[in-house]
Amino acid sequence: MMKLYGFNTINTLKVVMLLQETNEEFEFIPVNIRTGEQHHPDFRAVNPAGQVPVLSDGTLHQSESNSILFSLAKKTSWGLVDDPNRYDELLAWLFYQASTQGPHFGQIEHWSGFAEKPNPAALARHREIANRSIAYLNNQLTDKQYFCGETYTIADIALFPWLNIHDHLGLSLEGAENLSGWLQRVRNRPATSKARAFLNPSSFY
Ligand SMILES: N[C@@H](CCC(=O)N[C@@H](CS)C(=O)NCC(=O)O)C(=O)O
């Protein structure tokens, strides 16, 4: 059985959402990143980068949540695009999430909750970029239900967890009706409910 090393975090939630969609069995191994378990040599042997999530089949320990989503989607034939012409679009969303949404939303979490010394300029900067991201994502959903068209894919799973906690980050979806509708559609999925009941991250730390 696959092992998922994770914690109550945004990136772990993505993987649990996909595992619930595909009904894959997995053993969950909590790695408490707040008490430093990610630095323990036993865990470093699994992921030398010292981060969760990691999905392991016993031989291969795969890290990087979006890469895990992609591999698992290929393995289960679930959550990729139906139209091969949209394949590059799907990859672009995974990269966008990992390189833009994740870092900026994550920094808001840091500067509004975890940083020892406040830094209002940093917080304002990351909020500004996050608000731009919200407007961009809302616009992208003008004529479609999901980010890659009419089919729910791993692009939606990757983008969901940070948007799911926009309130907690002090971000508003007011006026972003397309994105609010999408958020509700994803929240309404039985697999999303199960994943959120299993993990309910309000922070990535
Ligand atoms: N790009 C990685 C980021 C993973 C990441 O930032 N993990 C955080 C929790 S969500 C972590 O393990 N932090 C502990 C640390 O860096 O010490 C992914 O998408 O999986």
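Remember, it's 1-based here, ligands and their atoms both numbered in the order they're listed. These numbers were taken from a predicted model, which means no experiment stands behind them.
- The cationic atom of Arg185 (NZ for Lys, CZ for Arg) does not lie both less than 6.0 Å from the six-membered ring centre of Tyr152 and within 45° of the ring axis.
- Within the structure, ligand 1 has Pro53 among the residues with a heavy atom less than 4.0 angstrom away.
- Residue contact check for ligand 1: Ile10 places no non-hydrogen atom closer than 4.0 Å to it.
- The closest heavy-atom contact to atom 8 (C) of ligand 1, among the options Val52, Leu94, Thr9, comes from Val52.
- A donor-acceptor contact shorter than 3.5 Å is absent between the side chain of Thr100 and the backbone of Gln97.
- Counting heavy atoms under 4.0 Å from ligand 1, residue Gln38 touches it through the side chain alone.
- For Tyr87 and Trp93, the ring centers sit 6.0 Å or farther from each other.
- Residues passing the side-chain contact (heavy atoms from CB on, under 4.5 Å) test with His61, sequence neighbours excluded: Val46, Val54, Ser56.
- Residues satisfying the side-chain contact (heavy atoms from CB on, under 4.5 Å) criterion with Ser180, sequence neighbours excluded, are Leu173.
- Nearest-heavy-atom check against atom 6 (O) of ligand 1 across Glu37, Gln51, Gln97 picks out Gln51.
- Polar contact check, Glu64 against ligand 1: a nitrogen or oxygen pair lies under 3.5 Å apart.
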